[in-house]
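Keep in mind that this is a model prediction, so the values were computed, not measured. Just so we're on the same page: letters track the sequence lines, and every chain starts at 1. Hydrogens, waters and symmetry mates play no part in the numbers below; they use all other heavy atoms, side chains included.
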Amino acid sequence: APAGAAAPPVRSTVLRAAMDGSGVDTLNPFLAFFNGALETFGMVYPSLNSLDPSGAPGPYLATKWEPSADRLTWTFTIREGLKWSDGKPITAEDAAWTLNLIMTDAVAGTANGSLVSNFEKVTAEGPATLVIKTKAPQASVPYVSHPMSGIPIVPKHVWEPLAKNLKDAKNDVFPLVGYGPWTLTEYKQEQYAKFTANKEFVLGPPKFDNLVLQSFKSGDAAVAALRSGQIDYKAGVNPTQFKALQADPKIAAVRTVGNGWMGLEINHNARTRSGKKIGTGHPALGDPALRKAIALATDKQTLVTKVIDGVGRLGHGYLPPAWPQWFWTPAQPTPYDPAQANRVLDEAGYTKGADGVRTDPKSGRPLAFRFGIHSDDAADAAISGYVVGWMKEIGIKLTIQSLSMTALNSDLAKGDWDLLMDAWTTGPDPTYLLGIQSCGTLPKDDGTGGNTDSFFCDAAFDELFKKQLTTFDQGERAKVIGEMQEILYAANVNQIYYYADGLDVARKDTVTGLTLGKPDADGVYPSQTAFWSYLNAAPATATTAAKAEGSGSGMTWVAGGIALVVVLGGVLVWRRRAGGADRE
Amino acid sequence: MKRSGLWGIGVLAAFALLALTAPLHIGDDQLDVVRVDGPRLAPPSAAYPLGTDLAGRSILHLVIWGSRESLSIGLIATALTVLLGTAVGLLAGHYQGRIGQALMHVTDWFIALPSLPLAISLSAVLGQGAASITIAIAVTSWTATARLVRAQTLAVEARPFIERARALGAGNRQVMLRHVLPNVMPLVLVSSTLTVASAILSEATLTFLGLGDPTSVTWGSMLQTAFSGGAVTAGAWWYLMPPGLAILLVVLGFTLTGRAVEHLLNPRMVQHA
Amino acid sequence: MLEARDLTVVHPARGGRPPARAVDGVNLQVRPGEIVALIGESGCGKSTLARALVGLIPPTSGQVLYQGEPLDPRRMRAFRRRVQLVLQDPGGALNPRQNVFDAVAEGPRLHGEGGGRLRARTGRPPHTEGLPPRDTEDPLPRDNQGLSGREGERRPLRDSESYSLRDSQGFLPRDGQGLSDRDSERRLLGDSERLLGGEGLRERVRGALSKAGLRPPEEFYRRFPHELSGGQQQRVVIAGALALNPSVIVADEPVASLDASVRGEILKLILSLRDELGLSALVVSHDLGLAWNIADRVAVMYLGRIVETGTVEEVLLRPRHPYTRALLSVLPDSPERIVLTGEPPDPTRVPTGCRFHPRCPVRVAGCDTIDLPVLSPADSVACSEVPQ
Amino acid sequence: MSRYLGKKVAAALVSFLVTLVIGFVIFSLMPADPVRTLTRGRPTSEEQLAQIRVQLGLDEPVWYRFLTFAGDTLRGELGFSWQFQQSVSSLVAERLGPTLLLMGAAAVISIALGLWLGVHSGWRHGTLFDKVASGASLTLWSVPTFWLGMILLVLFSGWFPSGGMSDPSLAATGLEHVLDVARHLVLPALTMVLVVFAQYVTVMRASVIDELGSPYLLTARAKGLTDADVRRKHAVPNALLPSVTMIFMHLGTLVTGAITVEAVYSWPGLGYLTYEALKIPDLPLLQGTFIIFSASVILMNLLADLAYRFLDPRVRVQ
Amino acid sequence: MLEVRDLRVAYGGTPAVRGVSFTLEPGRTLGVAGESGCGKSTMALGLLRLLPATAQVSGEVIFKGENLLTARWARLRAVRWSAASVVFQGAMSALNPVRTIGEQLCEPILLHDKTTHKQARQRAAELMESVGLPPERLRGYPHEFSGGQRQRIMIAMALACRPDLIIADEPTTALDVMVQAQIMDLLSGLVRESGIAVIMISHDLSVLAQLCDTLAIMYGGRIVEQGPARELIGDPRHPYTRALAGAFPAIGDPASRRNPMGLAGDPPRGDLGAGCAFAPRCGDAGDACRTGEVVLWPSGPARTAACVRVLEGEVHA
Ligand SMILES: Nc1ncnc2c1ncn2[C@@H]1O[C@H](COP(=O)(O)OP(=O)(O)OP(=O)(O)O)[C@@H](O)[C@H]1O
Ligand SMILES: Nc1ncnc2c1ncn2[C@@H]1O[C@H](COP(=O)(O)OP(=O)(O)OP(=O)(O)O)[C@@H](O)[C@H]1O
Ligand SMILES: [Mg+2]
Ligand SMILES: [Mg+2]
Ligand code: NI
């Protein structure tokens, strides 16, 4: 470890945090999908860019990035003098090698292949210049490699020998050779990851000497650990926990702008790329009036207050508010108006039967829909109760189907569904999320090749999608993206309910400075990434940290001792009584 | 011993009554999240004797309502278990030739399957919901009944009255249905009360692991919601305790009843009473 | 009447042990109206022989003959009506969940006699399998009403005649009234009465119980085995056998588990059944006194073979086989005691030569090598040292 | 003895093979397309999705998958986890230790406690001690394990660590590390012990009561042994015999009891792994843990047979 | 040496033994007979307080000058086996199935004689030889022995501490005639040599007649007749004794040929009222029997019988 190797016994400071609930699937950065893994890579592998608090690309390995005039070539200027943790210099060649590997090797592209699918050629022109040639103009190139959701750059000299059998590369030689604010020194799957600080980190040294991420499967266990001083920080608590911790004077609880949405998808017309109808979706859902009525009858505000206890925002647009540059709100939001919803339906000819369920005049079928929810998602279950109730009010009958994620996705891909609960989070580059609403992601006629999210397919939307890809001016691009969101909003196929706030909690007595940026009027901070949080965090006072820990374990032993004595005493007393009497 | 059996029966009767009469005093408006207007996760008060859940519904109502599904899953699973187990055990015990051997092997194989993982796997495969949980429980617990019935069948068939019946000309069916079954059934019934107990526990566990239907109201799903919803952090003991205690009471009720009946049936135990 | 011819029963090997030759060549005859006692020490194969005789265990070789005809497994049902087994432990021989009535009525019901409840279900008419024509010595009583039949009145009967009080189908009431009356009678009867079965069946059960000495029979109908004393239980078992009007009873240690005082009563009953109904009986026991008490003839068994047979007086008063002598000598009042040393014999390891030679006090050279032939029905003792 | 051993081992192997078939059948019934689930939230193109499908072996026909699966399993290869992108065997191997530790601790404590209580309450059948002991154990038996875990978590999370197996920030080694792990073990082990020991109490108590009327106890008493000696030297060894089988069988189920406890306390063992696998569901992983659990139950049953064989002179082969 | 006065035992209120008194001198043998359930075992076990806790015992058992019913448990334990040992019915289950014969034989020796293990082994080996079993088999388990051998081991065990009294509760009941003869020969030989007093229980009068000096016949929890063995069997005074004796015919006796003798009726159960307990089954019971007090009256030299007819001086055929 670089820190404090020669120094006399100065007590080193440790930041103890709960690992992202998803955990680390694998430490192989080419294969990993889980957020816990991405979070870790962000700390131990460098990327070309970083993200500033507004979500825009900032300098990291690259100090400058410029598109060429034809907008097909990007030139990144790579910082010089940086060294991997094993002392070898970091050069443009490392980045070029990493990106090329992902472009050319199918296995290497498992996780991030789609980010570079438009790349023609990546070359290192000298140690400080990286040139990326794209097939078509691509505005999002500066978003391709950034901490968290972008591509981490790996040291070529370490990975080159592994590239032949990348699938089996577990990347488990510690300390991991990398570069970042931290160095991974120890890792036990599903238990913890230990890091030491890289005090020479180019974007500023971490204030803690060590970082420990501990895995908790249950949120309550993590919170209990936080309360008892086992850990200092946990990102991502649920609203109930948040409210409870807000009331705790020892705990700092902050809200950050949400980077995802929770919403409803409607199978309005499942079909293949060639337009062949597939699946068992209810035909009436193809009617925009019906979808509009569903939107009108949904009381999103109630969902915000009841399901997430008010810690979130009402949803409209398709992209979450975490990325203000793309955030869009409709000029005329659809209100909650069940009466109007009923009117709309009446007008469209959906007549109510004796049982209160309307009938589709075209197919003659009642408006009875399957409503798929994720069985492992508490919010889905909670929301579904409300939605069923509201839809009943307007003569629509929903039958909840609680399905495992896999089953749900498999139904979705086959078009065997009517309504689904859905949720997405996204990084700063909206391309992918927008992409899955384009016609190109519909399945082929043989059922394969699909990656659509709701079978949405709209020519105008696709046109704009292509346009935003090549719009290099951020403002311009935002406008195009706004138009796309408008189309989606009007179609009512993806009905966004809310954007839940990110909820982070930390111990006041041990850690400060975790949050980045300034809160808005509601006290909500900008979206946070682990990269900045752990980099900014500073020990509150080293001594309190030590004390809290010491007293915790001391108490434990006292309590354990007392319990033991009580048990033993009880046992002895019983023994006396049982065996003492000299009779049979 | 007898007194505890009475307690058990009392508890069961109380829960059965609650479950059966629940629709009479709990209306849709008290369970439908859209219509209730209680405070979110409020501690017990006069209006809500056991507090409210995350949607503002009365925990008391939920617990009462939950008894319906929890009990019926337990009972149906047990009925399936007893049916399957008794049939297999009886046949395996009676036909000690190849059929019996084969049946016993099947039973042994199933016994070697760990019940919870099997149930988990089964309900993961069958899909979420009460039906698959019920099936999973039945599939994993019939072996115990089959073993018991087989052992009892062997014991009964070794007794002279079977030989007498055979000497009188009784065939396999007569021996099995008229002589063995009546002598085996009391024990099966006793063991089935214990099966209900563990079926209810299994239901809660499977639901807790996320294999149940999260929108239905059962004790298991209440606990699951409480657990995933952060009730522990919020210190919402009123949300955590009632469903757990309800499970405990019902399971204990079945267990005590079963043991009391067993006590009555097993003269050897009575001798020492 | 009932006869074993060169009967051998081998119990298959079990748990790594060699097969047990429990019965190893037995010739034994039970003649009409005769009580034969089968005597031998524990494990010599008495019970196995008894079970083979009633067809519960298939013989490994040899034959069981009933009225001169070999037992046919396909006609077992009919045979079962004629030859009945009474077991040692009456408590165990009664299903604890059957009351006395059902226990006694089980046989008739199974054979579709009297009640017809079960037969109606299985849909099998009675006695279709029939039996070989009876010889004139068949001592079946015609009167099922009780103990009034006397020897002189015995005459051969055909099955359909054996109950004059009902028709062979058992559906019609005995007084020949029409079905409708029968139905109304049924309606009048309580539910449980109806369950008890038809009139004919009740007659039969009543008769059997009173023949077995349980009087008045009605008082016992509803009792369960645990509400009876051991002697009463044994009587119920015997009644169950009598309810089918058997011609032979095979009783496996019928009094071994009963108290000394009760023992005499049951033996009296067996004796009276023979005297009054003309039943033949094979009584299995290890008790020589029992043979003296009731039997006409004795067969002494040792390790799967009969070693000596003859009338009671011959065998018990003038024993010839050294084993019989030893058995008699250890009785309390005998003048000299010949206590055999060594362990009881083991049918899984039958010694060569005379099977008794390892324990035989009068053993001579050759006893241990020369196999003795199976005792033929004509001979009475199997010992090379004793002249026939 | 060796022939018996051979027979039993063979039977266990057959059981295991059947388990493989059952396991495979169950898991191949499932609509198995986890690819979208796995890549959820990540930008993935359709080509990549197809590529991952091939990687996961989802394109093969069922029979081929079974043969591969059975062959691999017998070689100790349990397949490739969808979500962890690594071999199930290595995942299982990593988790086996913690699970064995938790189970071992829970088993030792609950067996000791359960047998002790069982012997004494059976021996003093009907006394206050018996009533308290059997009442308490019955009540605890009726408690859902995970619920008890939650309750203990609420009550004791301030005293004992609420999750994980060790405190990574301590960087403890040697004895300190052992103590640290022990501290983390307290709550999960306690939860399991409390729920499980009742079974041993019940089994042992019933066994002892069964033995109470035995004439050999009367003989022992007539010999002038003290009550405690009669119990210790005569009743317990006999009562243990029928219990041994049950104890081992329960040990087999203890493995599975670990699932909820590990989930509640984030104990990094096999149960936790199962819980993880359940979410997707990650079928190869579920299948792998299922097989491991089954194998352990089969092993326990085999041990039960052998232990019984060894302990009871009546069936011990000369 | 042993004097029992008015021993009464009740199981949870139901009397099983209703006042039994007798004395036993050193070296003498007392036989106790009676039908099943009449209280023989209860009486015998009551002497050493070996009954379950549900049994209430009263009366006096004076053994070598000490009342065992009131002695402290520690004292009683010291008496057990070292001074009075027991041979139980069905040695099959009276031996602990999971411990070797040697361990079980040595156990009382180690406990009472405070010897070394080696000495105890030695003594056990001697005992095995004395009952005709090879000492090597001390390492065997009970199931490896036949029923007769096990019963012999039980006898050897009973002799282990050289007691003054052996209580044998149906020691041969489950055994075959021939094995029974072997055991009886062994037992009588040992008793004769060592001069141990024996209480022997059986329901088979003929077995008792062989071994015992005195017989006591029990009916319904009481002794109904007592006297020297030969006389009692040859000339029973109580109708119950007569029935019992008749149940075991003498072979060759023409009176019993084709004429089994029995006793109608059921054994007494539950509470017995006043009068003679046997009256309901007695062929010639009169009113005096049903209501009057019936106690043991002298019926001959050293004989007593509890029958009014004895008192009336009637002589039974
Ligand atoms: N089902 C069986 N399988 C194997 N061996 C058996 C079986 N039944 C009996 N035997 C053996 O056959 C031999 C004869 O048994 P059987 O029961 O006929 O003897 P028994 O003369 O009736 O003895 P007892 O007087 O003890 O009733 C015995 O050695 C016994 O162990
Ligand atoms: N532990 C007990 N609890 C209650 N009643 C008992 C108990 N032991 C025996 N009895 C009853 O006490 C009476 C006498 O029993 P005991 O065992 O002394 O008879 P026994 O003469 O030895 O009979 P057997 O010849 O069958 O051994 C019987 O009615 C019996 O039912
Ligand atoms: Mg027999
Ligand atoms: Mg007795
Ligand atoms: Ni009790």
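- In this structure, the portion of E:Leu45 lying under 4.5 Å from any heavy atom of chain D is its side chain and not its backbone.
- Using a 4.0 Å cut-off between charged side-chain N and carboxylate O, E:Arg123 and E:Asp113 make no salt bridge.
- Interface remark: E:Val98 contributes backbone and side-chain atoms alike to the contact with chain D (heavy atom separation under 4.5 Å).
- Here E:Ser41 pairs with E:Asp169 under the side chain to side chain contact (heavy atoms under 4.5 Å, CB included) rule; sequence neighbours left out.
- Looking at E:Glu103 and D:Lys233, no side-chain N of the basic residue comes within less than 4.0 Å of a carboxylate O on the acidic one, giving no salt bridge.
- At a 4.5 Å heavy-atom cutoff, the contact between D:Leu241 and chain E is made by side-chain atoms alone.
- Listed options E:His112, E:Glu107, E:Met157 were ranked by heavy-atom pairs under 4.5 angstrom with chain D; first place goes to E:Glu107.
- Expressed to the nearest 0.5 Å, how far CE of E:Met128 lies from CZ of E:Arg152 amounts to 9.5 Å.
- Contacts between E:Leu111 and chain D at a heavy-atom distance below 4.5 Å involve the side chain alone, from C-beta outward.
- Between D:Leu140 and D:Phe197 the shortest side-chain heavy-atom distance falls below 4.5 Å.
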